[in-house]
Amino acid sequence: MNGELRLYNTASLQKETVGERELGLYVCGVTPYDTTHLGHAFTYTAFDVLVRYLRFCGRRVTYVRNITDIDDDVLLRAHSTGVDWKELGDREYAKFAEDMRRLNNLPPEVEPRATGHIPEILRITEELVRSGLAYEKDGCVYFEVKKYPQFGRLCRLSYVAQLDLANERGNFPADPLKRDPLDFVLWQAKKDGEPSWPSPWGEGRPGWHIECSAMSMRYLGDSFALHGGGDDLIFPHHDAEIAQSENFTGKPFVRHWAHTGMVFCGRHKMSKSLGNMVFVSELLDKIPADALRLLLLSHHYRSAWNFEPRELIAARRLTRLLRERLADADPEDESAIEEHGAAFLEATADDLDTPRALLELREMAEGGVAAERRAARALAERVLGLNFDLK
RNA sequence: GGCGGCAUAGCCAAGUGGCUAAGGCGACGGUCUGCAAAACCGUUAUUCCCGGGUUCAAAUCCCGGUGCCGCCUCCA
């Protein structure tokens, strides 16, 4: 299999060929303090298909997806519910992992936790302080945005625009320790009751962004091919990662950025604060995992979409159709794929166009030729991750 | 204000210069059934937000306009 893949790159706003035979993929994972909703499932299923497709094409992919297990959200939730933060994180992560397993998403090679990489985090922070890009104040360390003119190049927001905006909205930082409202924290001093680790600046804990720089470079090297996540992470998270990493190594951090669109419910972005979430575990109790995957994959990974309950009906029907038509088709027939899989694979190779691929799949399944159905079965299992055996 | 995206039937949506504008949901008609549901068959856009332009030919390309949406230190 040739394995051409043209993937949209947020850094260039264009589809670009991903050509590496061996590559690293880092996807920003969850902060484990609440239940997995459909938006998480959409993002991680998209990257799951990306990984499956690349491997199907004979590429070697090292897939890393982190767990940000120390963070304001976790501590806040732990405090308000009276649960130990570590226990909360473990429990919520276990639920997330179970949802992913039921969805038939492959586990990443590495699922690093922020708390397991404090030495790496400190090393980067120290180096940034040493090189003058970060400064310490009262036990906190900040990245100084002004010292890095390229800051914000992924989101294409100019420094001035960001600053104007911040001032306009009276959104100036509550943090008097910052030299600039846009500076972001690398290390924060311990507050009462919070977990902490020793550092050159005293007891404290990592800031938000830094853990992803530390973990991605630890497992994939200073420069790697692909970095992904939801498009709500472009700014500030991914821009901050670039700033930290490139100033630490002096090398380009990531070649290709891939971002998934947001899932809405009732015309609003699905979010914890609005309470309009559709939970993966609840959906999986109602419909087969294959149906939920088909529902998710019927939307292109980059476009935002609104969840409509009636989509469940269509997804279930397609699932039934595929199962009936492909029940006894041999999924290991390579020649059938060669002969009949071209249109499907072409759609997948074109910026992971799963809606189009699904159309091709349906056509193959409905076709009268047995080899076509074998190709459909093989591609559905191996590229789309459908599991015809699950209930 | 900056950046990005989208406008195609009741709804979701494919389409990236040329056969009769995919498909799905819904609706309606039919077959089946004691009735209903399910399943299956059929019908459902002379037209692609508006105005210009390019072309033998545009939903598709160009210019202008209008409308909607997302992000902008909680966020997949």
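Since the structure is predicted, the reported quantities are computational estimates derived from the model, not experimental observations.
- Two residues, A/Ala304 and A/Tyr44, neighbour RNA chain B, and the one matched to the more 5' nucleotide by heavy-atom proximity is A/Ala304.
- Distance A/Leu295 CG to B/C25 C1': 12 Å, rounded to the nearest Å.
- As judged by a 4.0 angstrom heavy-atom cut-off over every strand, A/Arg77 is placed among residues making no nucleic acid contact.
- For an aromatic pair to be called close, the ring centres must be under 6.0 Å apart, and A/Phe184 with A/Phe151 satisfies this.
- The ring-ring contact (aromatic ring centres under 6.0 Å, His included) test with A/His227 is passed by exactly one of A/Tyr63, A/Phe47, A/Trp257: A/Trp257.
- Under the Watson-Crick and G-U wobble criteria, each requiring two contacts below 3.5 Å, nucleotide B/G15 is paired to B/U8.
- Using a 4.0 Å heavy-atom distance criterion, A/Phe42 is classed as making no nucleic acid contact.
- Among the atoms of the strands shown, none is found under 4.0 Å from any heavy atom of A/Asp239.
- Residue A/Trp208 places at least one side-chain N or O under 4.0 Å from the OP1 or OP2 atom of B/C75.
- Comparing A/Tyr8 and A/Val30 along RNA chain B, the residue whose closest nucleotide (by nearest heavy atom) sits nearer the 5' end is A/Tyr8.
- Pairing for B/C75 is absent, with no Watson-Crick or G-U wobble pair whose two atom distances lie under 3.5 Å.
- In this structure B/C49 sits in a base pair with B/G65, meeting the Watson-Crick or G-U test at under 3.5 Å.
- Nucleotides B/G67 and B/G26, compared at atom C1', are 26 Å apart to the nearest Å.
- Residue A/Val185 is classed as having no contact, given no heavy-atom separation below 4.0 Å to the nucleic acid.
- Pairing of B/U43, defined by two Watson-Crick or G-U wobble distances under 3.5 Å, is identified with B/A27.
- When heavy atoms are screened at a 4.0 angstrom cut-off, A/Arg356 is found touching the sugar-phosphate backbone but no base atom.
- For A/Leu359, the side-chain atoms get nearest to B/A22 when compared with the rest of B/C3, B/A76, B/A22.
- Using a 4.0 Å cut-off, some side-chain N or O of A/Arg317 falls inside it from OP1 or OP2 of B/A39.
- For the C1' atoms, the distance linking B/A22 with B/A14 amounts to 6 Å, nearest Å.
- When heavy atoms are screened at a 4.0 angstrom cut-off, A/Arg310 is found touching base atoms of the nucleic acid.
- In this structure, the nucleotide among B/A76, B/A39, B/G24 sitting nearest to the side chain of A/Thr31 is B/A76.
- Considering only the side chain of A/Thr260, B/A76 comes nearest among B/U73, B/A76, B/C74.
- A/Tyr219 and A/His117 have their aromatic ring centers within a separation under 6.0 angstrom.
- The same atom, P, is picked in B/C25 and in B/A21; the two are 22 Å apart, to the nearest Å.
- With hydrogens and angles disregarded, no donor-acceptor distance shorter than 3.5 Å links the side chain of A/Asn9 to the backbone of A/Gln14.
- Among the atoms of the strands shown, base atoms are found under 4.0 Å from some heavy atom of A/Gly39.
- Checked by atom type and distance alone, the side chain of A/Tyr135 pairs as donor or acceptor with a backbone atom of A/Arg179 at under 3.5 Å.
- Among the nucleotides B/C75, B/G70, B/A39, the one closest to the side chain of A/Asp232 is B/C75.
- With a cut-off of 3.5 Å on both Watson-Crick or G-U wobble distances, the partner of B/U55 is given as none.
- Shown here, B/C35 forms no base pair; nothing in the strands shown gives a Watson-Crick or G-U wobble contact with both key distances under 3.5 Å.
- Residue A/Gly29 is classed as a sugar-phosphate contact, given heavy-atom separations below 4.0 Å to backbone atoms only.
- Under the Watson-Crick or G-U wobble criterion, with both distances below 3.5 Å, B/A22 has no partner in any strand shown.
- Residue A/Ile313 places its side chain closer to B/G26 than to any other of B/G26, B/A76, B/G15.
- Heavy atoms of A/His259 sit nowhere under 4.0 angstrom from any nucleic acid atom.
- Proximity of a side-chain donor or acceptor of A/Arg293 to a complementary backbone N or O of A/Asn104 within less than 3.5 Å is detected.
- Pair assignment for B/G70 gives B/C3, based on Watson-Crick or G-U wobble hydrogen-bonding distances that are each under 3.5 Å.
- Taking atom P in both B/G10 and B/C49, the straight-line distance is 14 Å, to the nearest Å.
- In the hydrophobic clustering of ILVMFWY residues, with side-chain heavy atoms under 4.5 Å counting as a link, A/Leu297 and A/Met364 come out together.
- Heavy atoms of A/Ala314 sit under 4.0 angstrom from primed sugar atoms or phosphate atoms, though from no base atom.
- Straight-line distance between the C1' atoms of B/C50 and B/A39: roughly 45 Å, to the nearest whole Å.
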